[in-house]
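These numbers were taken from a predicted model, which means no experiment stands behind them.
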Amino acid sequence: MNKDSKSELWHYTTEEGLFGILKSQQLWATDYRYLNDSTELQYGRKGLQVELFQYIYAFIEDESKKNHLLKDFVDKNGGIKIIATNEAKDTIDIIWGGAMEMEPSLTPCILSFCFSKENNDNEGLLSQWRGYGRDGGYALIFNFIKTLEFFDQEINAFKHSFGGHGDVCYDPHSLTNDTQLFKHRDQLIDFARKLFYSRVYKTPTPYPGAEIPKALVHCLSRFKHHGFREEGEYRCFMFAYADPKSAQKVYDKHDPNDQRPFKEIHFRIGSNGIDRKPYIKLFEGIGNLPIDRIVVGPHRDKEKRAEFVRIYLKNRGLNHIKVYSSDIPYLGAHV
């Protein structure tokens with residue numbers, strides 16, 4: 001997906017969320033296990049397994065024509081399809097296990113935006129108004145380039161295991177046309193080849209090292225179930241440390257001169273009043289968020305709400321942010 005300086009990122013939220021963001025000039029990235037899609041990352045594993053299967057199958061099929069030892073291995077172990085299926089699964093399992101063994105206290109946090117042509121200027125997506133604003137809802141529209149500049153500052157300012165951003169891939173059979181994803185995918189394919197050869201020639205299982213688990217995490221963070229395709233999601237993700245003391249020992253050993261702080265993990269009460277949802281605060285102290293405008297969601301009092309938001313922005317010196325009301329004639333649960 002090509003984006004330029006005029007591109008926008010939509011962030012749908014509730015009334016409480018809107019004024020919380022405007023007051024703090026921060027956004028929150030939530031632990032992926034507490035997001036609205038219960039299959040986050042696990043669905044990614046399945047999708048990536050399908051992707052790896054295709055390449056492993058083609059590789060084994062091609063090589064077995066030239067290598068008699070490899071062909072005998074394939075014939076004795078059920079054929080190319082069975083082997084490729086097992087190799088794809090084992091590749092991900094081994095890399096994931098290596099990542100969790102190295103850094104067991106990771107908290108993967110995700111901040112989601114909507115980048116969809118269906119947003120239609122100041123209307124927004126009806127599905128998002130229904131999902132994020134049961135009493136009307138609001139959308140903050142961010143400048144794409146400036147927002148990513150903020151996030152890159154965030155990544156560079158703190159100690160964390162991994163951070164990145166990109167389009168979400170909804171097709172489990174092929175990755176998006178994204179150079180960064182292709183790079184990470186190729187790293188995984190290369191490791192899969194080494195793992196397969198170690199089994200054919202009965203050599204020690206290759207160790208994934210540090211870069212291969214990062215490649216896996218990046219790919220997993222970018223997959224999502226196709227049922228969410230309409231959102232056109234663009235996400236920022238950071239894998240923070242839940243146990244900074246233990247992580248510091250690793251930094252002391254490998255990079256003792258790194259004086260950056262760790263990202264603090266906070267907790268908030270979930271909608272059921274019981275669950276404590278982990279999250280991290282993004283963009284603290286960087287400056288005013290690059291919000292271009294705000295859209296008030298469908299509501300019978302949307303014009304009154306819009307005027308209140310304008311007054312609030314003016315009182316906080318943020319009157320450069322334009323405020324509009326969605327034209328979608330949906331009244332929702334507040335009727």
Drop me the distance from Ile21's CD1 to His11's NE2, to the nearest 0.5 angstrom.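 So the CD1 of Ile21 and the NE2 of His11 are separated by 4.0 Å.
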Can you hop from Leu48 to Ile189 via hydrophobic side chains spaced under 4.5 Å?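 Result: yes, single cluster for both.
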Should Phe158 and Leu111 be regarded as members of a common hydrophobic cluster, given that ILVMFWY residues are connected when their side-chain heavy atoms come within less than 4.5 Å of each other, either directly or indirectly?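 No, separate clusters.
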Donor on one side chain, acceptor on other, Tyr241 and His160, under 3.5 Å: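 No donor-acceptor contact under 3.5 Å links the two side chains.
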Check: Ser112/Glu233 side-chain N/O donor and acceptor closer than 3.5 Å: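 A donor-acceptor contact under 3.5 Å links the two side chains.
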Hey, can you tell me if Trp28 and Tyr279 have their rings parallel, tilted or perpendicular (30° and 60° cut-offs)? parallel
Which class fits the ring pair Phe53 and Tyr57: parallel under 30°, tilted 30 to 60°, perpendicular over 60°?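 It falls in the tilted class, 30° to 60°.
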Do [X] and [Y] have ring centres separated by under 6.0 Å?
{"X": "Tyr234", "Y": "Phe144", "result": "yes"}
{"X": "Phe59", "Y": "Tyr197", "result": "yes"}
{"X": "Tyr207", "Y": "Phe191", "result": "no"}
{"X": "Phe142", "Y": "Phe113", "result": "yes"}
{"X": "Trp10", "Y": "Phe115", "result": "no"}

Salt-bridge test for [X] and [Y]: reply yes if a basic N is under 4.0 Å from a carboxylate O, no otherwise.
{"X": "Arg235", "Y": "Asp167", "answer": "no"}
{"X": "Arg293", "Y": "Glu8", "answer": "yes"}
{"X": "Arg199", "Y": "Asp90", "answer": "yes"}
{"X": "Glu154", "Y": "Lys263", "answer": "yes"}
{"X": "Lys194", "Y": "Asp190", "answer": "yes"}
{"X": "Glu307", "Y": "Arg310", "answer": "yes"}

Can you name the one residue among Ile92, Thr91, Asp93 that meets side chain to side chain contact (heavy atoms under 4.5 Å, CB included) with Ile95?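 Among the candidates, only Thr91 passes.
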